[in-house]
A.B. asks: 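One structure follows; several queries about it will come next.
One-based numbering, in listed order, for ligands and for the atoms of each.
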Amino acid sequence: MDINSAEFIISNTDVKKCPTGTLPEYAFIGRSNVGKSSLINMLTGRNKLALTSSTPGKTMLINHFLINNSWYIVDLPGYGYARRGHKGQNQIRTVIEDYILEREQMTNLFVLIDSRHEPQKIDIEFMEWLGENGIPFSIVFTKADKLKGGRLGNNVNAYIREMKKQWEEIPPYFISSSESKLGKNEILKYIEEINKSLSQNNI
Ligand code: GTP
Ligand code: MG
């Protein structure tokens with residue numbers, strides 16, 4: 001799929017103030033600093049669309065970007081950033097949870113996992129919570145360019161093995177690098193196919 005237009009629409013903390021209408025949206029979530037905003041820029045080919053930072057906790061709001069005038073990308077704040085303190089973390093958690101549970105337009109949630117690390121409890125528990133709530137999601141293993149040799153494959157396989165302990169069916173997953181653009185075509189194709197199936201169902 002070609003991205004012909006990508007436009008920032010609105011930022012807010014309240015799911016009720018998100019854009020009205022029925023356009024499908026695809027949201028990006030994961031731990032702070034995992035590379036959500038960078039991935040959005042890579043997918044859209046717009047380097048400055050979503051704000052990125054080497055300091056965790058950059059994205060604090062729900063950010064809507066309108067793509068090709070027909071669907072949205074949503075950049076969400078990261079979870080698990082200890083320096084926000086308990087109160088700050090709880091506030092962000094409420095923003096994220098309300099969005100995920102209440103936003104009917106959300107068609108798929110991409111859960112980003114840093115491919116360099118072993119399975120982390122916080123991510124595993126977050127995905128369990130998604131499962132319990134029937135939220136459709138897929139996984140993106142990020143920062144693949146940072147791993148050399150066979151380590152990337154080993155880490156991804158270890159992750160899938162860990163998930164198989166709990167999940168009968170493993171959700172679709174992608175491997176990405178915002179530096180090398182690895183995963184771009186696959187992720188955009190996946191979104192395009194869901195968009196197509198939605199529009200067919202509406203006819
Ligand atoms: P918060 O909004 O703070 O939750 O973070 P985020 O998940 O949006 O991460 P962001 O995209 O801001 O990236 C965090 C840092 O990781 C930045 O310094 C990025 O340049 C770097 N980064 C993100 N993706 C990649 C990647 O694929 N490869 C490499 N090498 N660095 C990356
Ligand atoms: Mg961000």
A.B. asks: Of the protein's non-hydrogen atoms, which lies at the shortest distance from atom 16 (O) of ligand 1, and what is that distance?
C.D. replies: K143 NZ, 3.1 Å
A.B. asks: What residue and atom, counting heavy atoms only, is the protein's closest point to atom 27 (O) of ligand 1, and at what distance?
C.D. replies: S178 N, 2.7 Å
A.B. asks: Please write down residue, atom name and distance for the protein heavy atom closest to atom 20 (O) of ligand 1.
C.D. replies: S38 OG, 4.3 Å
A.B. asks: Give the residue and atom name of whichever protein heavy atom lies nearest to atom 18 (O) of ligand 1, and the separation in Å to one decimal.
C.D. replies: S54 CA, 3.3 Å
A.B. asks: Kindly confirm whether the Mg ion (ligand 2) is within less than 2.8 Å of some N/O/S atom in S53?
C.D. replies: no
A.B. asks: Taking non-hydrogen atoms only, is T52 closer than 4.0 angstrom to ligand 1 via side chain, backbone, both or neither?
C.D. replies: both
A.B. asks: Identify, for atom 2 (O) of ligand 1, the protein heavy atom at the shortest distance, and state residue, atom and that distance.
C.D. replies: T59 OG1, 2.7 Å
A.B. asks: Identify, by atom number and element, the atoms of ligand 1 in contact range of S177, meaning under 4.0 Å from any of its heavy atoms.
C.D. replies: 27 (O)
A.B. asks: How far is atom 9 (O) of ligand 1 from its nearest protein heavy atom, and which residue and atom name does that atom have?
C.D. replies: G35 N, 3.2 Å
A.B. asks: Are any of the side-chain nitrogens in K143 or E179 under 4.0 Å away from the carboxylate oxygens of its partner?
C.D. replies: no
A.B. asks: Using heavy-atom distances, let me know which of P77, S115, S53 sits nearest atom 17 (C) of ligand 1.
C.D. replies: S53
A.B. asks: Can you check whether W129 and F137 have ring centres sitting under 6.0 Å from each other?
C.D. replies: no
A.B. asks: Could you find the nearest protein heavy atom to atom 4 (O) of ligand 1 and give me its residue, atom name and distance?
C.D. replies: K36 NZ, 2.9 Å
A.B. asks: With ring centroids as reference points, do F126 and Y79 lie under 6.0 angstrom apart?
C.D. replies: yes
A.B. asks: Just say parallel, tilted or perpendicular for the rings of F110 and Y26, cut-offs at 30° and 60°.
C.D. replies: tilted
A.B. asks: Which protein non-hydrogen atom lies closest to atom 14 (C) of ligand 1, naming both residue and atom, and how far is it?
C.D. replies: N33 OD1, 3.0 Å
A.B. asks: If you take the nearest heavy atom of each of V140, L182, D145, which one is closest to atom 26 (C) of ligand 1?
C.D. replies: D145
A.B. asks: Please work out, at 4.0 Å between heavy atoms, whether the side chain, the backbone, both, or neither of M42 comes within that distance of ligand 1.
C.D. replies: neither
A.B. asks: Report the part of P56 (side chain from C-beta onward, or backbone N, CA, C, O) that has a heavy atom under 4.0 Å from ligand 1; answer both or neither where that applies.
C.D. replies: backbone
A.B. asks: What do you reckon, is OH of Y173 surrounded by more than 12 foreign heavy atoms closer than 6.0 Å?
C.D. replies: no
